[in-house]
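Beneath this line is the structure, given in structure tokens, with notes to follow.
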Amino acid sequence: KDIKKGDMIVYIDNQSTGNRLDKDRYKLSEIYDIEPIGIKKVYDINVEGYNNFIANNIVVHNSLSFDDIMDFDAIRRGKPAMHIMFGVGNAIMGGILYSTLALRLGLSKSMAIGKLLTDTMAALAIGNSEEIMFRDYDESKYLRVIQMKTAVLIATAAEIGARIPRGVDERMIKYARSFGENLGMLYQLCDDYVAVKKSIEYGEPEEDLEENKIILPLIYLWNNLDKDDPKDNEIRMILQKYRSKAPLTEEEYGALFKALKERGALEYVEKYIQGYKEAALKILDEFPENKYTELLRLIPDFVIDAFMSEV
């Protein structure tokens with residue numbers, strides 16, 4: 001429903017010293033004013049047979065509800081996560097129920113889309129499980145994890161869009177999926193970039209770093225340390241401690257953030273982001289030129305700008 005003055009919203013009390021699942025950290029506040037900003041483009045493309053986009057959307061939101069449980073996140077987009085509101089058991093069983101509903105919606109259109117959704121859910125499960133176990137500073141393994149846990153969702157959305165119209169060449173369907181996969185990789189690496197950028201600017205771990213996740217900037221730093229340099233060996237010891245999920249001191253975080261900034265970790269991630277952007281746009285050269293292709297060309301920069309507006 002539309003939000004209005006007087007509605008209550010949940011926000012995080014940043015002054016609280018409680019842990020991530022401490023309910024005292026989450027406060028209610030009344031909306032006292034809403035300022036209209038007019039109609040804005042959202043770069044949405046409507047395709048006949050939208051029920052399959054609903055199916056994919058269910059898979060996306062389902063994965064987030066499970067992700068919140070695994071990461072011990074209590075807030076999702078400013079509101080209590082499903083497991084906080086209804087309990088872990090209900091969140092898991094509800095997720096299973098909605099996964100079944102998504103598959104049913106997909107099969108109502110075609111067997112190919114039903115299979116696509118099952119493959120996507122399987123990849124999500126494998127990718128998220130690998131992320132939990134992933135404690136190596138290994139770039140190739142990390143790229144595989146984010147391909148399976150993030151990029152596969154956008155790839156599937158793009159493929160569904162290509163499969164719905166009749167008579168689409170299989171080659172074009174593969175191009176559509178590849179566009180979505182590159183966009184998904186770009187999305188996850190923008191998330192990595194923002195997590196480290198915020199941490200450096202605020203002087204404390206933010207987002208993925210707060211959860212001791214191993215992400216691309218940390219992998220780059222680890223792989224570019226000099227074993228013969230005493231200062232680099234100090235950073236190596238901090239990264240080993242981080243990998244073991246042992247709490248770091250304020251001084252250790254400071255040294256880590258300084259190393260990430262000075263060694264060009266963010267610039268390295270930027271090159272990856274630019275590479276995936278260029279790959280996505282190059283794929284669109286295979287599509288006919290029309291207003292929809294032009295809208296698709298805007299999406300990579302739209303995603304990048306949305307993330308960079310946070311820092």
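In plain terms, the two heavy atoms of Pro217 and Val269 that are nearest each other are CG-CG2, 3.6 Å. Annotation for Ala195 and Ile215: closest pair CB-CD1, 4.4 Å, computed over non-hydrogen atoms. The shortest heavy-atom contact between Met148 and Val152 is O-CG1, 3.0 Å. Closest of all the heavy-atom pairs between Ala280 and Asn182 is CB-CB, 4.0 Å. Shortest non-hydrogen contact noted between Lys197 and Leu266 is CD-CD1, 3.8 Å. Between Ile154 and Gly180, the shortest heavy-atom contact is CG2-O, 3.4 Å.
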Steps toward side chain to side chain contact (heavy atoms under 4.5 Å, CB included) verdict (Leu218, Leu209): CA-CA 9 Å; Leu218 297 176; Leu209 295 187; 3.7 Å; yes

message: Under the criterion side chain to side chain contact (heavy atoms under 4.5 Å, CB included), I'd like the reasoning laid out for Gln188 against Gln147: C-alpha separation, chi angles, the key distance, then a yes or no.
response: CA-CA 9 Å; Gln188 184 62 60; Gln147 187 277 326; over 6 Å; no

- request: Give the intermediate values and the outcome of ring pair (Phe, Tyr, Trp, His ring centres under 6.0 Å) for residues Tyr268 and Tyr272.
  value: CA-CA 7 Å; Tyr268 184 72; Tyr272 254 111; 5.6 Å; yes

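Using a 4.0 Å cut-off between charged side-chain N and carboxylate O, Asp138 and Arg144 make no salt bridge. Note on Glu294 versus Arg297: salt bridge recorded, some NZ/NE/NH1/NH2 to OD/OE distance being below 4.0 Å. Ionic pairing of Glu170 and Arg163 is present here: one or more N-O contacts between side-chain nitrogen and carboxylate oxygen are shorter than 4.0 angstrom. Ionic pairing of Lys174 and Glu286 is not present here: no N-O contact between side-chain nitrogen and carboxylate oxygen is shorter than 4.0 angstrom. Using a 4.0 Å cut-off between a side-chain N of Lys or Arg and a carboxylate O of Asp or Glu, Asp232 and Arg263 qualify as a salt bridge.
With rounding to the nearest 0.5 Å, the separation of CG in Leu124 from CG in Asp119 is 11.0 Å. One finds the CG atom of Leu284 at 4.5 Å from the CZ atom of Phe179 (value rounded to the nearest 0.5 Å). Summarising the geometry, atom CD belonging to Glu181 is positioned 11.5 Å from atom OG1 belonging to Thr150; distances are rounded to the nearest 0.5 Å. Summarising the geometry, atom OG belonging to Ser178 is positioned 13.5 Å from atom CD1 belonging to Ile173; distances are rounded to the nearest 0.5 Å. Asp192 contributes atom CG, which lies 5.5 Å from atom CG of Leu189 (distance to the nearest 0.5 angstrom). For the atom pair CD1 of Ile146 and CG of Leu186, the computed distance is 10.0 Å after rounding to the nearest 0.5 Å.
Contact of the Trp222 side chain with the Ile214 side chain is not registered, since no non-hydrogen atoms from C-beta on lie closer than 4.5 Å. Using a 4.5 Å heavy-atom threshold, the side chains of Leu116 and Arg177 count as touching. You'll find the side chain of Arg243 stays beyond 4.5 Å of the side chain of Asn212, heavy atoms only. Tyr253 has its side chain within reach of Pro205: a pair of non-hydrogen atoms, C-beta onward, lies under 4.5 Å apart. Considering only heavy atoms from C-beta on, Thr293 comes within 4.5 Å of Asn290 through its side chain. Within the 4.5 Å cutoff, side-chain heavy atoms of Leu221 are placed close to those of Leu256. Between Lys149 and Glu130, every side-chain heavy-atom pair lies at or beyond the 4.5 Å cut-off. Side-chain contact between Glu252 and Thr249 is present, with heavy atoms from C-beta onward closer than 4.5 Å.
A donor-acceptor pair under 3.5 Å is formed between the side chain of Tyr137 and the backbone N or O of Leu239. Listed for the Thr156 side chain is no donor-acceptor partner under 3.5 Å among the backbone atoms of Thr120. A side-chain donor-acceptor contact under 3.5 Å links Tyr242 to the backbone of Lys213. Put simply, the side chain of Ser199 gets close to the backbone of Glu206: a donor and an acceptor are under 3.5 Å apart. Between the side chain of Asn233 and the main chain of Lys227, a donor-acceptor pair closer than 3.5 Å is present.
Under the 4.5 Å side-chain heavy-atom criterion for ILVMFWY residues, a single connected hydrophobic cluster contains both Ile273 and Val311. Grouping the Ile, Leu, Val, Met, Phe, Trp and Tyr side chains by contacts below 4.5 angstrom, directly or via other members, places Phe134 apart from Ile126. Cluster membership check: Leu183 shares its hydrophobic cluster with Met172, using side-chain heavy-atom separations under 4.5 Å among Ile, Leu, Val, Met, Phe, Trp and Tyr. Val145 is not connected to Met185 by any chain of hydrophobic side-chain contacts under 4.5 Å among Ile, Leu, Val, Met, Phe, Trp and Tyr, and they are in different clusters.
Residues satisfying the salt bridge (Lys or Arg N to Asp or Glu O under 4.0 Å) criterion with Asp136, sequence neighbours excluded, are Lys141.
No more than 12 heavy atoms of other residues, nucleotides or ligands shown are found within 6.0 angstrom of CE on Met237. Atom NZ of Lys241 is surrounded by more than 12 heavy atoms from other residues, nucleotides or ligands within 6.0 Å.
Under the 3.5 Å distance criterion, with hydrogens and angles disregarded, a donor-acceptor pair is assigned to the side chains of Gln274 and Glu278. Between the side chains of Asp169 and Tyr175, no donor-acceptor pair of N or O atoms lies under 3.5 Å.
Aromatic rings from Tyr187 and Phe307 are positioned such that their centres are separated by under 6.0 Å.
Sorted by first and then second residue, the side chain to side chain donor-acceptor pair (under 3.5 Å) pairs with a member in residues 299-311 read Lys198-Glu310, Lys277-Asp301; sequence neighbours excluded.
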